[in-house]
Visitor: 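One structure, as structure tokens, below. Some questions next.
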Amino acid sequence: MVGKPERHVAVFGAGYIGLVTGACLAELGHRVVVRDIDPDKVALLRAGDVPIYEPGLGDLIARNKERLTFTLDLAETLDGAEIAYVCVDTPPSPSGDADLSRLWTVVKSLEGAAHLRAVVVKSTVPVGTGARVRAALDAAGLAHVGYAANPEFTAEGRAVTDFLRPDRIVIGSADEATAALIAELHEGVEGPVVVMDVRSAEMVKLASNALLATKISFINEIATLCEKTGADVEEVARAVGLDHRLGPHFLRPGIGWGGSCFPKDSEALRQLASNTGYHLQLLSAVIDVNNLQKRRAVQKLHDELGTLAGMRVALLGLTFKPGTDDMREAPSTVLAARLLAEGAEVRCWDPMARPAAVEPWSSTTRHPTPELALEGADAAIVVTEWPQLKEVDWAGAASVMRRPVLYDGRNLFDPAAMRELGYTYMSVGRP
Ligand SMILES: NC(=O)C1=CN([C@@H]2O[C@H](COP(=O)(O)OP(=O)(O)OC[C@H]3O[C@@H](n4cnc5c(N)ncnc54)[C@H](O)[C@@H]3O)[C@@H](O)[C@H]2O)C=CC1
Ligand SMILES: O=C(O)[C@H]1O[C@H](OP(=O)(O)OP(=O)(O)OC[C@H]2O[C@@H](n3ccc(=O)[nH]c3=O)[C@H](O)[C@@H]2O)[C@H](O)[C@@H](O)[C@@H]1O
């Protein structure tokens with residue numbers, strides 16, 4: 001990009017966020033070295049393969065291979081680097097707080113890197129983490145190195161687009177020069193830059209995910225009430241969303257939210273509050289509603305079939321949403337475990353998921369098409385709204401199922417049409 005300085009960026013973590021960040025920064029004209037500690041991942045990336053499914057990412061990596069390299073080696077990562085981006089995972093710890101051990105490993109590894117101009121944390125972290133990282137850098141003789149929080153708001157399956165055309169770029173920093181450096185790094189990205197203090201930037205990330213989760217739990221709770229009162233939640237959500245103050249997004253009722261972030265970040269925010277002695281009442285209810293939503297699906301099948309013991313149930317879709325292979329905190333895991341615990345046989349279909357061969361998946365069977373998963377089934381649950389499910393010959397499927405009982409956990413189908421085909425059809429919040 002003409003006139004724009006090329007920066008040398010070291011990215012720690014070659015996961016969803018590190019890879020997208022690295023590839024997009026390279027696309028913007030910067031020189032990027034991505035480091036991971038997983039030798040298989042690095043070997044794959046070096047061979048030109050992409051270890052995750054993310055539309056457009058492979059092309060971006062291939063197109064920028066002159067400026068984008070992958071390594072296991074720390075010295076190679078830091079050699080000449082001006083900015084270190086921390087993109088490692090921050091999973092839940094046994095207490096529900098975010099586990100920051102990987103972040104601390106990276107921060108420790110920067111101790112000799114006096115040539116850095118800035119350390120940037122992109123990983124989602126509890127409010128106050130930046131202050132602790134700042135203190136650690138100061139203690140390591142890196143007081144001259146700037147610090148910034150630059151949380152990420154991309155959604156999986158559209159991460160490249162979200163990165164290059166975000167609603168906003170949030171930069172939290174105590175010093176103007178560092179904020180300006182990180183803003184300049186994003187030149188070419190189409191989105192407003194919002195600069196604030198570090199703690200506020202950390203809170204923006206957690207509050208945004210919590211509010212999105214709140215909208216979904218809210219509409220799911222309204223859906224339950226629609227079932228009890230005969231209203232249709234799809235009509236309700238459509239009209240509620242037309243109010244410009246409320247907006248149509250994240251009002252799709254369903255089987256519950258999952259994924260690598262909503263569950264862990266909402267729990268981490270709840271624990272962050274608990275650690276200050278405050279109980280976040282609203283967020284606690286949001287989490288409870290979500291947990292119940294998955295169990296309600298199993299209960300509905302139980303009520304319909306009388307028992308689940310010995311029943312054959314097909315799970316259609318396993319990933320937490322379509323367009324990704326990510327199984328982290330997918331509602332399907334709870335459904336499979338609950339169904340197995342009730343004595344059901346579980347048959348699965350998903351076009352992309354690769355669940356680990358551990359429970360509950362090791363006790364289920366996997367089938368290459370929805371039709372094969374439905375063979376001999378007493379009931380099926382639409383768990384993920386994969387477009388392929390729209391292509392299924394549902395009339396034919398009804399005849400291969402032992403009983404055509406369908407719980408549509410994503411309101412994919414028209415109730416009247418499915419009942420016409422002979423299905424005992426249940427969905428979320430619709431008569
Ligand atoms: N996945 C998503 O859509 C989003 C994730 N985030 C946040 O971004 C962070 C990263 O998330 P993901 O990319 O999904 O995680 P991930 O698990 O896909 O990737 C993390 C990577 O870091 C590597 N790693 C661990 N320790 C390391 C070290 N010391 N040095 C170098 N690499 C190391 C791991 O091997 C792994 O490849 C998390 O805090 C997450 O909450 C934020 C927004 C969206
Ligand atoms: O912090 C993160 O990791 C990211 O978490 C979410 O992104 P993601 O988890 O990829 O997926 P979403 O598209 O937000 O869906 C999350 C879950 O909510 C469910 N959902 C979403 C929208 C809706 O209306 N209804 C609904 O049930 C989805 O099925 C899915 O299980 C946020 O959308 C991102 O902004 C954020 O950066």
Side-chain angles (χ1 to χ4, degrees), residues 10-22 33-42 44-45 51-52 54 70-74 77 84-92 98-110 121-126 129 150-159 162-163 166-168 204-206 208-213 215-220 223 237 241 247-266 268 290 293-294 317 319-324 326 328-332 383-385 409-411 428:
V11 173
F12 291 84
Y16 283 85
I17 292 305
L19 279 180
V20 170
T21 302
V33 181
V34 181
R35 179 183 191 225
D36 206 287
I37 50 169
D38 178 340
D40 295 339
K41 223 176 233 190
V42 172
L44 265 177
L45 286 160
I52 54 164
E54 197 57 57
F70 303 96
T71 185
L72 286 167
D73 187 73
L74 179 65
T77 315
Y85 253 90
V86 183
C87 300
V88 293
D89 40 330
T90 49
D99 174 356
L100 299 181
S101 55
R102 295 155 186 80
L103 174 137
W104 289 118
T105 303
V106 174
V107 172
K108 186 127 191 60
S109 72
L110 301 177
V121 168
K122 189 170 262 311
S123 300
T124 303
V125 294
T129 303
N150 174 217
E152 188 51 65
F153 303 97
T154 53
E156 282 177 28
R158 40 173 297 166
D162 281 351
F163 191 100
D167 288 343
R168 74 293 205 199
V204 171
K205 173 64 198 173
L206 295 171
S208 298
N209 272 0
L211 186 51
L212 291 169
K215 282 188 85 174
I216 306 169
S217 278
F218 180 82
I219 202 65
N220 281 342
H249 305 292
F250 281 72
L251 282 181
R252 262 186 298 114
I255 208 153
W257 39 267
S260 67
C261 289
F262 282 1
K264 97 173 158 58
D265 291 350
S266 50
N290 194 53
Q293 195 68 0
K294 295 170 257 184
T319 54
F320 79 99
K321 66 174 187 179
T324 177
D326 200 337
R328 289 180 282 183
E329 297 286 335
S332 61
V383 189
T384 315
E385 64 275 36
R410 297 293 178 179
N411 291 357
V428 187

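Please read these numbers as outputs of a predicted model, since none were measured by experiment. All heavy atoms count here, side chains included; hydrogens, waters and symmetry mates do not. Counting convention: from 1, in listed order, for ligands and their atoms alike.
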Visitor: Based purely on interatomic distance, does K205 place a nitrogen or oxygen under 3.5 Å from a nitrogen or oxygen of ligand 1?
Guide: no
Visitor: Are any side-chain N or O atoms of T384 and backbone N or O atoms of T319, one a donor and one an acceptor, separated by less than 3.5 Å?
Guide: yes
Visitor: Which of the atoms of ligand 1 are close to K264, meaning less than 4.0 Å from one of its heavy atoms?
Guide: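 The atoms of ligand 1 under 4.0 Å from a heavy atom of K264 are 40 (C), 41 (O).
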Visitor: Is there a nitrogen or oxygen of C261 sitting under 3.5 Å from a nitrogen or oxygen of ligand 2?
Guide: no
Visitor: I want to confirm something. Looking only at heavy atoms, which of V42, I37, T77, I17 is nearest to atom 6 (N) of ligand 1?
Guide: I17
Visitor: Does a side-chain heavy-atom distance below 4.5 Å link C261 with K205?
Guide: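 In short, these two side chains do not touch, never coming nearer than 4.5 Å.
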Visitor: Considering only heavy atoms, does C261 approach ligand 1 within less than 4.0 Å through its side chain, its backbone, both, or neither?
Guide: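 For C261, the contact with ligand 1 is made by the side chain alone.
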Visitor: So, D36 side chain and A14 main chain: donor-acceptor pair closer than 3.5 Å or not?
Guide: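 Between the backbone of A14 and the side chain of D36 there is a qualifying donor-acceptor contact (under 3.5 Å).
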Visitor: To the closest 0.5 Å, what do you measure between CZ (R252) and CZ (R410)?
Guide: 7.0 Å
Visitor: Tell me, with the steps shown, if L110 and F12 meet side chain to side chain contact (heavy atoms under 4.5 Å, CB included).
Guide: CA-CA 11 Å; L110 301 177; F12 291 84; 3.8 Å; yes
Visitor: R410 heavy atoms, cut-off 4.0 Å: which ligand 2 atoms fall inside?
Guide: 27 (O), 29 (O)
Visitor: Could you check whether any side-chain heavy atom of L45 comes within less than 4.5 Å of a side-chain heavy atom of V34, counting everything from C-beta outward?
Guide: no
Visitor: Within ligand 2, which atoms have a heavy atom of A155 less than 4.0 Å away?
Guide: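 Matching atoms, with element in brackets: 7 (O), 10 (O), 33 (O).
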Visitor: Could you tell me whether ligand 2 has any atom less than 4.0 Å away from a heavy atom of I216?
Guide: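 For ligand 2, residue contact (heavy atoms, under 4.0 Å) with I216 is present.
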Visitor: Evaluate F153 for polar contact with ligand 2, using N/O atom pairs at a separation under 3.5 Å.
Guide: yes
Visitor: I'd like to check Y16 versus R328 (side-chain heavy atoms, cut-off strictly below 4.5 Å). Are they in contact?
Guide: yes
Visitor: Select the closest option to atom 17 (O) of ligand 1 among T154, D89, D326, judged by heavy-atom distance.
Guide: D89
Visitor: Keeping N220 on the side-chain end and G254 on the backbone end, is there a donor-acceptor pair under 3.5 Å?
Guide: yes
Visitor: Specify side chain, backbone, both or neither for K122, according to which of its non-hydrogen atoms lie closer than 4.0 Å to ligand 1.
Guide: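 Under 4.0 Å from ligand 1, K122 contributes no heavy atoms.
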Visitor: Which option out of D36, V125, D265 puts a heavy atom nearest to atom 36 (C) of ligand 1?
Guide: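 The option holding the nearest heavy atom is D36.
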Visitor: Could you check whether any side-chain heavy atom of S266 comes within less than 4.5 Å of a side-chain heavy atom of N209, counting everything from C-beta outward?
Guide: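 Sidechains of N209 and S266: no contact.
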Visitor: Which atoms of ligand 1 are found less than 4.0 Å from any heavy atom of T90?
Guide: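 The list of qualifying atoms is 38 (C), 39 (O), 41 (O).
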Visitor: With heavy atoms of K41 as the reference, note each atom of ligand 1 found under 4.0 Å away.
Guide: 36 (C), 37 (O)
Visitor: What is the nearest protein non-hydrogen atom to atom 28 (C) of ligand 2, stated with its residue, atom name and distance?
Guide: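 Of every protein heavy atom, F320 O, 4.0 Å lies nearest to atom 28 (C) of ligand 2.
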Visitor: Pick whichever of K215, R328, R252 has a heavy atom sitting closest to atom 23 (C) of ligand 2.
Guide: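 Of the listed residues, R252 has the closest heavy atom.
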Visitor: Provide the number and element of each atom of ligand 1 under 4.0 Å from a heavy atom of Y16.
Guide: 1 (N), 13 (O), 14 (O), 18 (O)
Visitor: Identify the closest protein heavy atom to atom 43 (C) of ligand 1: which residue and atom is it, and at what distance?
Guide: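 Of the protein heavy atoms, E152 O, 3.3 Å lies nearest.
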Visitor: For the residue pair V428 and I255, establish whether any side-chain heavy-atom pair is separated by less than 4.5 Å.
Guide: no
Visitor: Is there side-chain contact between Y85 and V121, with at least one heavy-atom pair below 4.5 Å?
Guide: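 Not in contact.
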Visitor: Are the side chains of D73 and R35 in touch, meaning some heavy atoms are under 4.5 Å apart?
Guide: no
Visitor: Going by the order shown, which atoms of ligand 1 are within less than 4.0 Å of some heavy atom of G15?
Guide: 13 (O), 16 (P), 18 (O), 19 (O), 21 (C), 37 (O)
Visitor: Could you tell me if any non-hydrogen atom of H249 lies under 4.0 Å from any atom of ligand 2?
Guide: no
Visitor: Donor-acceptor pair, S109 side chain versus V106 backbone, under 3.5 Å?
Guide: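 Yes, because the side chain of S109 sits within donor-acceptor range (under 3.5 Å) of the backbone of V106.
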Visitor: Find all atoms of ligand 1 within a distance of less than 4.0 Å from any non-hydrogen atom belonging to V106, and give their numbers and elements.
Guide: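 Under 4.0 Å from V106, ligand 1 has these atoms: 28 (C), 29 (N), 30 (N).
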Visitor: If you measure from each non-hydrogen atom of L251 to ligand 2, which part falls under 4.0 Å: side chain, backbone, both or neither?
Guide: backbone
Visitor: Using a 4.0 Å heavy-atom cut-off, say whether R328 meets ligand 1 through its side chain, its backbone, both or neither.
Guide: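 Just the side chain.
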Visitor: Please report the interatomic distance NE2(H249) to CD1(I216), rounded to the nearest 0.5 Å.
Guide: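 Reported to 0.5 Å precision, the distance equals 13.0 Å.
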Visitor: Counting only heavy atoms not in F262, do more than 12 fall under 6.0 Å of its CZ?
Guide: yes
Visitor: Of the backbone atoms (N, CA, C, O) and the side-chain heavy atoms from C-beta on, which set of S260 has a member under 4.0 Å from an atom of ligand 1: side chain, backbone, both, or neither?
Guide: side chain
Visitor: Is there any N or O on T124 that sits under 3.5 Å from an N or O of ligand 1?
Guide: yes
Visitor: Would you say G254 touches ligand 2, if touching means a heavy atom closer than 4.0 Å?
Guide: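 Not so, G254 does not reach ligand 2.
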Visitor: Any nitrogen or oxygen of D38 lying under 3.5 Å from a nitrogen or oxygen in ligand 1? Just yes or no.
Guide: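 No, no N or O pair falls under 3.5 Å.
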Visitor: With respect to F70, which candidate in V33, L44, L19, T77 satisfies the side chain to side chain contact (heavy atoms under 4.5 Å, CB included) definition?
Guide: L19
Visitor: N/O of T124 under 3.5 Å from N/O of ligand 2, yes or no?
Guide: no
Visitor: Any side-chain to backbone donor/acceptor pair from T129 onto V125? Under 3.5 Å, distance only.
Guide: no
Visitor: Quick test: of every protein heavy atom, which one is nearest to atom 1 (N) of ligand 1, and how far off is it to 0.1 Å?
Guide: E156 OE2, 3.0 Å
Visitor: Between the candidates E152, K321, E329, which shows the shortest non-hydrogen contact distance to atom 15 (O) of ligand 2?
Guide: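 Shortest heavy-atom distance from atom 15 (O) of ligand 2: K321.
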Visitor: Rounded to the nearest 0.5 Å, how far does CG of L72 lie from CG of D38?
Guide: 8.0 Å
Visitor: Applying side-chain hydrogen bond (donor to acceptor under 3.5 Å, both in side chains), can you list everything that pairs with E156, at least two apart in sequence or on another chain?
Guide: S260, T324
Visitor: What is the closest protein heavy atom to atom 9 (C) of ligand 1, and at what distance does it sit?
Guide: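 Ranked first by proximity to atom 9 (C) of ligand 1 is V88 O, 3.4 Å.
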Visitor: With heavy-atom distances below 4.0 Å as the criterion, list the atoms of ligand 2 near K205.
Guide: 1 (O), 2 (C), 36 (C), 37 (O)
Visitor: Would you confirm whether E385, through its side chain, and K321, through its main-chain N or O, come within 3.5 Å as a donor-acceptor pair?
Guide: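 No; zero donor-acceptor contacts below 3.5 Å.
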Visitor: Taking 4.0 angstrom as the limit and counting only heavy atoms of T154, give me the atoms of ligand 2 inside it, by number and element.
Guide: 4 (C), 34 (C), 36 (C), 37 (O)
Visitor: Which residues satisfy the side-chain hydrogen bond (donor to acceptor under 3.5 Å, both in side chains) test with K122, sequence neighbours excluded?
Guide: N150, E152
Visitor: Enumerate the atoms of ligand 1 whose separation from the nearest heavy atom of R35 is less than 4.0 angstrom.
Guide: 31 (C), 32 (N)
Visitor: Should one rank A98, G259, G13 by closest heavy-atom distance to atom 22 (O) of ligand 1, which comes out on top?
Guide: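 It is G13 that holds the nearest heavy atom.
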Visitor: Answer with yes or no whether E385 contacts ligand 2, where contact means a heavy atom under 4.0 Å from a ligand atom.
Guide: no
Visitor: Looking at C87, which atoms of ligand 1 are within less than 4.0 Å of one of its heavy atoms?
Guide: 10 (C)
Visitor: Would you check the N or O atoms of E156, main chain and side chain alike, for any that come under 3.5 Å of an N or O of ligand 2?
Guide: yes
